Amino acid sequence: MKKILNELNEEQKIAAKTVDGPLLILAGAGSGKTKTITTRLAYLLSAGIDPANTLTLTFTNKAANEMRERALSILGSNISYPPLLCTFHKFGLLFLKFNIDKINRKNNFVIIDTNDKKRIIKNLGCDLPISLVASEISRYKNSLISPEIAEAKSIQPNYKIIASVYKQYEEYIEKNNLVDFDDLLSLTYKILDENDDICKQTSDRYHYIMVDEYQDTNDLQYKLLKKLCSNHQNICVVGDDDQSIYGWRGANIKNILEFPEEFPNAKIIKLEKNYRSTNQILKTANNLIEHNRGRLGKKLESIKGDGKEIDFIECENETVEANIIGNRIKKLIESGVKPQNIAILYRINALSRSIEEGLNRTQVPYKMVGGVKFYERAEIKDIISYLRIIANPNDDFSFKRIINRPKRGIGKISINKIVKAAYKQKQSIFQFLDKNINLATKSISSKKSIVEIKKFIKNLKKLKKELNTSTYEFIDLLEETFHLKEYYQKLPDSIEKIANIDEFYGLFRDFIIVHPEANLDDFLNDIALQSDQDQIDKESISIMSIHASKGLEFDYLFVIGLEEGFFPINGDGSDIEEERRLGYVAITRAKKELTLSHSNSRFYKGRRTNLSKSRFLSECGICKGSLNLEKTTTFKKGDLIKHKIFGMGRVLEVNKIKREFKLKINFGGTKRDILASFVEKI
DNA sequence: ATGATAACAGTTTTT
DNA sequence: CTGTTATCAT
């Protein structure tokens, strides 16, 4: 048992050995967090705790898989039962599969993703921006606010509308037995809250709970955890308040800041020894984060020595910036540095373009991490919809997606007619088209389309039958029957789409091989919560957003776009302390060398904008006195002004150039750029 | 029903 | 400038 803890330092050891009661492990960046909690899990099990009594929750499948692997490798093969180690959402899914009947719903529900959700909201007919409505509904659900309460609470007319859309949305997804990502948690909470017996039983079952990335939990996840540990208080949370970067998505940094108050007698252990970066890098990170007020306080110290000084590049524009960085990286690679140890980070994805162009010019191979998710691609979702329909023909939601894919001559109007007619008969679309095809033909305009639909229904039934007989060849049969690849062949970007489809077919076959006795439902459930785990390519450097870089590390790191307005972003809905934490996350990804870059101007949203240096540069001690925040101007867009030569005009734009402000002014139709000091307000 | 053009909006996105 | 969506001919 002692052996298990051998590789840990003193603090880590104490953390791993503290088994009972609430425990907060404040794990700074690069402090061996994963090692500590996987060892702790291994220690628990080796101390005789039944693996069935443990629950370890993470945010990503990637983290869950990595931790499982590491914990099991410490233990070797001598465990009786695999410990439950999964994402919050997967836990919700498992719980609902057993318990959703308590709220009178069937457990063959289908999980929808954010795009599905938006499509439903759109079809409900609502003039407000869809993403606003979707995120507000999400907010309500995560605050356990029902549509009725939302309606009652709303004062503004727009919020009345949102509340009513929320109500219709809930009715729709219940009717279609759908479950969105938020429901996986909110319905789980609801059942635990309304059924004391189930709550007690569940809490008893999971007697030792661990939570990774605790700083990213939201209010609902906090409440859920409270329920889960209500019978024992054996909750160990691991996180770093300085790395809380998902506040805009509902994560509540208070959960970690106030853990000691919320869980009385909590033990707190700080892991401040950093095994990743040089002291120069950590000093920079510490300098920056010390400007934040809302934090528990922590100072990282390197075991690696001082290292190289931070490099700062100031560029005229983004093209120069990209060329300089491209050339530097090229030299690094030529000197023997492996491309997978180099990365470029940016605050907003829009900055990737100029960098990509620069890397192409300087012939540096790169891979963009993040971007469009594999399972969110239209072609993949179409095939998943086919599989869902075959698994459950009454899944109207999926049916609507593929009824005209490939094109069968069924447009929006026909679909609406069919849906209404089916609804009248109290049947699913599939049942309606199958059993009442004569009635259905009234909804479809052309003869050709009717023939197509008949064929479609026949084929779906054929495949459903086939499902019971053979599984492995099933995917080939799907392709032979519906010719999906043929359809995508004709569409733009066909090569990429076909490659994706082939990859998906491969994943299906792999799943069948790994789980020979699993059925189609198991596969669909498995992939519903899966996002692709971007592999870091050995042959290429990585470029990605700072958010996408969390948890990763690189020997040579470049952070670009250190400009006010770009990083930090300032304006509506931006939080300067969270921006600073993003800076902290970015800097602490670097192991050996860190380069920060600034561009004096950028081409963005179709126009060139002049930019001043990010305040973060001066805050972390890179670039002293770079900030002129005191220096402001009273001119604003729309002001009437007078110029000695050009006369009266109206301000169109205010731009900051070094220490002056340049105004774009409309003088009776002629636009001119003029320094602010040459005009007077009137 | 479908494909072409106009109008519009553009921070980050673990499930 | 780009990618997405609404609208309008065909």
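Protein chains get the first letters and strands the later ones, always in sequence-line order, with residue 1 at the start of each. Given the structure is predicted, the values throughout are model-derived calculations rather than measurements. When reading the values below, keep in mind they use all heavy atoms of this one structure, side chains included, and skip hydrogens, waters and symmetry mates.
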Measure from [atom1] on [X] to [atom2] on [N] and round the result to the nearest Å.
X	N	atom1	atom2	answer
A:N416	B:dA1	CG	P	10 Å
A:L184	B:dT14	CG	P	16 Å
A:N142	B:dT15	CG	P	16 Å
A:W248	B:dT12	CH2	P	8 Å
A:K550	B:dT11	NZ	C1'	17 Å
A:I546	B:dT14	CD1	P	15 Å
A:L351	B:dT12	CG	C1'	12 Å
A:N115	B:dT13	CG	P	14 Å

Exercise. Any N or O donor-acceptor pair linking the side chain of A:R249 to the base of B:dT15 at under 3.5 Å?
Worked result: yes
Got a salt bridge between [X] and [Y], using NZ or NE/NH1/NH2 to carboxylate O under 4.0 Å?
X	Y	answer
A:D193	A:K190	no
A:K671	A:E653	no
A:E577	A:R295	no
A:K62	A:E66	no
A:E578	A:R581	yes

Taking only side-chain N and O atoms of [X], does any of them lie within less than 4.0 angstrom of OP1 or OP2 on [N]?
X	N	value
A:N349	B:dT12	yes
A:N404	B:dT2	yes
A:Y604	B:dT11	yes
A:T114	B:dT15	no

Exercise. Strictly under 6.0 Å, is that where the ring centroids of A:Y604 and A:F566 end up?
Worked result: yes
Exercise. For A:S449, which contact category applies under a 4.0 Å heavy-atom criterion: base, sugar-phosphate, or nothing?
Worked result: nothing
For this session: Answer with base, sugar-phosphate or nothing: what part of the nucleic acid does A:K407 contact at a heavy-atom distance below 4.0 Å?
Result: sugar-phosphate
Collect all protein-nucleotide pairs involving nucleotides 4-6 of chain B in which both atoms are nitrogen or oxygen and the distance is under 3.5 Å.
none

Seminar exercise, completed: A:K117 and A:S138 have their tightest heavy-atom pair at NZ-CB, 3.6 Å
Quick check for you: among [options], whose closest atom lies nearest to any side-chain atom of [X]?
X	options	answer
A:I569	B:dT13, B:dT11, B:dG3	B:dT11
A:T60	B:dA1, B:dT15, B:dT11	B:dT15
A:F181	B:dT15, B:dT11, B:dA1	B:dT15
A:K373	B:dT11, B:dT14, B:dT13	B:dT14
A:H547	B:dG3, B:dT11, B:dT13	B:dT13
A:R347	B:dA1, B:dT14, B:dT12	B:dT12

For this session: Tell me which of A:G409 and A:A350 sits closer to the 5' end of DNA chain B, going by the nucleotide each one is nearest to.
Result: A:G409
Seminar exercise, completed: Comparing A:I415 with A:E578, nearest DNA chain B nucleotide closer to 5' gives the residue A:I415
Pairs of donor and acceptor atoms involving the side chains of residues 407-415 of chain A, under 3.5 Å and at least two apart or interchain, shall be tabulated with distances.
{"from": "A:R408", "atom 1": "NH1", "to": "A:I402", "atom 2": "O", "distance (Å)": "2.8"}
{"from": "A:R408", "atom 1": "NH1", "to": "A:I403", "atom 2": "O", "distance (Å)": "2.9"}
{"from": "A:R408", "atom 1": "NH2", "to": "A:Y386", "atom 2": "OH", "distance (Å)": "2.8"}

Exercise. Expressed as a whole number of Å, how far does the C1' atom of B:dT12 sit from that of C:dT5?
Worked result: 23 Å
Problem set entry | A:Y169-A:D180 side chain donor-acceptor pair, cut-off 3.5 Å | yes
Problem set entry | Given A:E564, A:E321, A:E316, the one that forms salt bridge (charged side-chain N to carboxylate O under 4.0 Å, His left out) with A:R602 | A:E321
For this session: Walk me through it: do A:H291 and A:F616 pass the test ring pair (Phe, Tyr, Trp, His ring centres under 6.0 Å)?
Result: CA-CA 10 Å; A:H291 286 80; A:F616 292 170; 8.9 Å; no
Seminar exercise, completed: Per-nucleotide protein contact along nucleotides 1-10 of chain C, 5' to 3', at a 4.0 Å heavy-atom cut-off (B base, S sugar-phosphate only, - neither), is BSS--S----
